[in-house]
Amino acid sequence: MKTSRLKLAKFIADKSLKSGIKKDFVQEIAAYLLQNRRVGDLDSIMRDVSADWADAGHLEVIASSAHTITPAIEKQIKTKVNQLYPKTKQTIITKILDPEILGGVRLNFANQQLDLSFKAKINKFKQLTMTGKEYN
Amino acid sequence: MAELSITELSADIRAAIAELKNRPDIENVGVVTRVGDGIAWIYGLSQAGYSEMLEIEGDDGQQITAFALNLAEDEIGAVILGDDTKVKAGSNVRLSGKVLEVPVGPELVGRIVDPLGNPLDGGGPIKTKQSYRVERPAPGVLERKHVHEPLMTGLMAIDAMIPIGRGQRELIIGDRQTGKTAIAIDTMVNQSRQKTGVINVYVAIGQKLSKISALKERLQREGVMDQTIIVATSPADPAAMLYLAPYAGCAIGEYFRDNKGHALIIYDDLSKHAVAYRQMSLLLRRPPGREAYPGDVFYLHSRLLERSAKLSDALGAGSLTALPIIETQAGEISAYIPTNVISITDGQIFLETNLFYQGIRPAISVGLSVSRVGGDAQTKAIKAVGGGIKLGLAQFRELAAFSQFSTDLDPETRKTIERGQRLTELLKQTQYNPYAVWEMYASLYATTNGAFDKVPVEKIKLAQDSLLRELKAKHAKLTTEINTGEKPTDAQNEQVLKVAKSVADTYKVNEKAVKE
């Protein structure tokens with residue numbers, strides 16, 4: 001019977017939290033996915049693993065920005081993340097350049113997102129002007 | 001503990017997968033336990049997917065392709081696409097990890113191919129840049145737009161009474177030898193004559209190769225082959241090839257639909273397709289249902305025809321119009337497959353044997369034919385004259401039946417009958433002779449407005465030809481204006497009527513001579 005994605009993610013998260021990520025373990029996961037023809041599930045499994053890690057205090061943030069993130073901005077991001085997740089033991093920030101967001105920064109956590117980009121603000125403005133609702 | 005990074009873990013797993021894929025390793029192999037009638041039963045390969053391609057080692061080392069259709073607990077039933085005589089019990093079978101694909105693209109235009117995309121016309125290899133899966137999902141609700149552009153067949157009876165729009169599915173149904181294929185071919189010819197840019201895909205399902213060859217020659221002579229692709233299967237091909245042909249043709253047509261183009265696909269015919277599927281299903285030991293067809297025979301055609309669509313503007317506004325053909329037995333449209341396909345399509349053109357032998361060609365039964373969505377797609381010009389024709393003809397057929405019992409008819413009835421006779425005569429059309437919009441408009445306008453009322457019925461076609469010749473020669477500007485499809489002005493109508501009346505005068509019955 002097919003093992004559910006959540007169970008797989010839980011297994012990977014528990015094992016990696018207990019004994020870290022070893023080469024043999026990575027190869028076992030790869031072989032399992034290939035053998036069971038579930039390579040397509042990899043992204044979803046990784047997302048669930050990331051959520052499990054975050055619950056255990058290991059948070060990874062993917063910070064997308066239109067321009068390069070300076071050390072000063074990175075510090076601000078870390079402060080913001082610590083405010084949002086005070087129980088975090090370890091925070092990793094992965095930086096991605098995405099000109100489509102026009103400006104600002106978009107922070108992606110395991111299952112959450114903090115969108116501080118210009119694109120999001122413009123979209124919000126567009127929605128408000130089109131629906132005629134007051135901004136509050 | 002070292003830092004836990006999901007980005008790194010993900011990259012590491014991907015690298016390990018790539019390495020494992022390239023490593024020569026033990027692979028899953030199944031064994032053919034028995035083979036016959038184009039079906040191979042395979043033991044092993046428990047991880048095979050539905051419709052997955054399998055590679056069977058032939059007795060001469062050649063790879064023979066099959067696809068898995070029955071996934072049982074302890075064996076797989078696979079349909080062989082190649083020569084099944086080369087497959088023996090004990091042959092090794094491997095999974096390909098792929099589902100069936102067919103090459104697509106403009107490189108196929110002008111060619112005859114089999115359902116796997118292999119050329120059959122001796123014109124050299126076809127090098128396409130893309131290939132599409134043979135089985136693809138149909139566009140969803142948001143990806144579609146309503147049918148609103150006309151797809152002119154060039155046949156006056158159809159364009160005036162049963163209009164077809166781009167993205168529509170219009171069934172052509174009738175007994176053998178009633179002109180079903182002729183309608184489809186005329187529609188293809190018209191796309192070339194009117195320079196619509198619509199690509200024709202003709203799917204021949206179990207058609208005689210001599211017929212396909214003759215068709216190709218004729219299309220070449222008419223200059224239509226330059227915008228036509230033929231997907232051909234003959235009665236000698238395995239049932240699996242006949243089963244795949246419409247799906248492969250559809251994928252080829254979808255390429256044009258998805259790339260802002262317009263394509264017309266003709267399935268000739270889906271009765272043979274259903275029979276091929278029944279053969280495969282029975283050989284695969286699937287339980288037979290009504291007329292021995294398997295339970296999913298409706299889905300066989302519904303999933304195919306649902307792929308014909310008019311796409312939304314956001315997706316490029318391309319279209320794929322389908323003209324499926326169904327052959328009935330003794331005019332029985334309430335048989336299993338005809339009723340299925342009637343319910344799936346957006347209308348049907350029903351051809352009657354009686355009409356065909358009365359010389360009414362195309363032999364369209366006005367009462368049983370309908371177009372459910374084409375009305376919105378009809379050009380304004382044709383809509384203006386075509387409105388009352390269907391009703392008028394239906395009334396005429398009813399009255400004509402009654403009038404056989406009595407010669408004493410009131411003037412109104414006589415007029416309806418005479419107008420009906422003239423309309424019936426006018427709607428007759430020879431093959432490979434599609435009309436342009438202006439030709440249809442002028443003919444119909446003149447007849448429905450009484451310009452040809454005094455012309456003897458047997459001379460209606462002659463009068464029509466004269467009218468069209470006269471308009472083309474002396475009123476070229478008028479014909480160009482009407483050809484745009486816009487509703488003609490009163491002045492234009494008057495001009496057409498004037499020419500029609502003058503032409504009709506030359507064909508009038510000499511009433512004095514008749515009295516004497």
Side-chain angles (χ1 to χ4, degrees), chain A residues 1-2 8-9 12-64 88-96 108-111, chain B residues 1-30 42 44-55 66-74 76 78 93-101 132-133 135-137 142 314:
Chain A
M1 197 168 141
K2 198 176 164 185
L8 275 176
I12 296 170
D14 287 350
K15 195 157 181 192
S16 52
L17 283 167
K18 203 172 163 188
S19 38
I21 299 166
K22 290 180 182 154
K23 201 182 170 191
D24 285 358
F25 181 51
V26 169
Q27 278 190 328
E28 270 174 32
I29 301 169
Y32 176 84
L33 293 175
L34 263 179
Q35 172 80 9
N36 290 282
R37 310 172 88 192
R38 295 184 67 178
V39 176
D41 284 349
L42 181 61
D43 286 334
S44 313
I45 293 169
M46 287 298 109
R47 202 181 151 103
D48 293 336
V49 170
S50 175
D52 287 346
W53 281 353
D55 288 343
H58 296 265
L59 189 68
E60 182 164 4
V61 186
I62 296 170
S64 314
T88 305
K89 293 180 214 160
Q90 169 213 313
T91 309
I92 298 174
I93 298 176
T94 306
K95 292 168 249 177
I96 291 176
N108 280 303
F109 307 95
N111 278 328
Chain B
M1 190 196 293
E3 279 192 338
L4 291 175
S5 164
I6 204 74
T7 324
E8 275 178 32
L9 176 60
S10 187
D12 288 348
I13 296 174
R14 271 180 218 285
I17 289 171
E19 196 208 344
L20 283 173
K21 268 186 181 169
N22 291 330
R23 193 188 292 178
D25 212 346
I26 298 167
E27 53 184 350
N28 271 328
V29 176
I42 298 156
L45 297 182
S46 56
Q47 286 161 13
Y50 180 75
S51 203
E52 181 171 349
M53 306 298 294
L54 309 175
E55 281 156 8
F67 64 102
L69 273 188
N70 262 29
L71 301 177
E73 198 178 347
D74 52 356
I76 297 171
V93 190
R94 286 182 180 80
L95 291 177
S96 71
K98 287 187 221 156
V99 289
L100 195 62
E101 288 191 347
Y132 272 10
R133 285 184 175 183
E135 292 268 8
R136 300 177 78 225
L142 293 176

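Protein chains get the first letters and strands the later ones, always in sequence-line order, with residue 1 at the start of each.
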All N/O donor-acceptor pairs, side-chain side in residues 45-55 of chain A, below 3.5 Å, sequence neighbours left out:
from     : atom 1 : to        : atom 2 : distance (Å)
Arg47(A) : NE     : Asn111(A) : OD1    : 3.4
Asp48(A) : OD2    : Arg5(A)   : NE     : 3.4
Trp53(A) : NE1    : Ser16(A)  : OG     : 3.0

Next on the checklist: So which atom in Ile17(B) and which in Ala30(A) form the shortest heavy-atom distance, rounded to 0.1 Å?
Outcome noted: CG1-CB, 3.6 Å
Checklist entry - Does a side-chain N-to-carboxylate-O contact under 4.0 Å join Asp43(A) and Arg14(B)? => result yes
Next on the checklist: Using a 6.0 Å cut-off, check whether atom CZ of Arg133(B) has over 12 heavy atoms from anything other than its own residue.
Outcome noted: no
Checklist outcome for this item: Nearest heavy-atom approach of Ser10(B) to Leu42(A) is O-CD2, 4.4 Å
Checklist entry - What residues form a salt bridge (charged side-chain N to carboxylate O under 4.0 Å, His left out) with Glu52(B), not counting sequence neighbours? => result Arg37(A)
Checklist entry - Can you tell which of Val39(A), Ile21(A), Ile29(A) makes a side-chain contact (heavy atoms from CB on, under 4.5 Å) with Ile13(B)? => result Ile29(A)
Item to check | Glu8(B) atom CD: more than 12 heavy-atom contacts under 6.0 Å | outcome: no
Checklist entry - Gln35(A), Lys23(A), Glu60(A): which one forms the most heavy-atom pairs within less than 4.5 Å of chain B? => result Glu60(A)
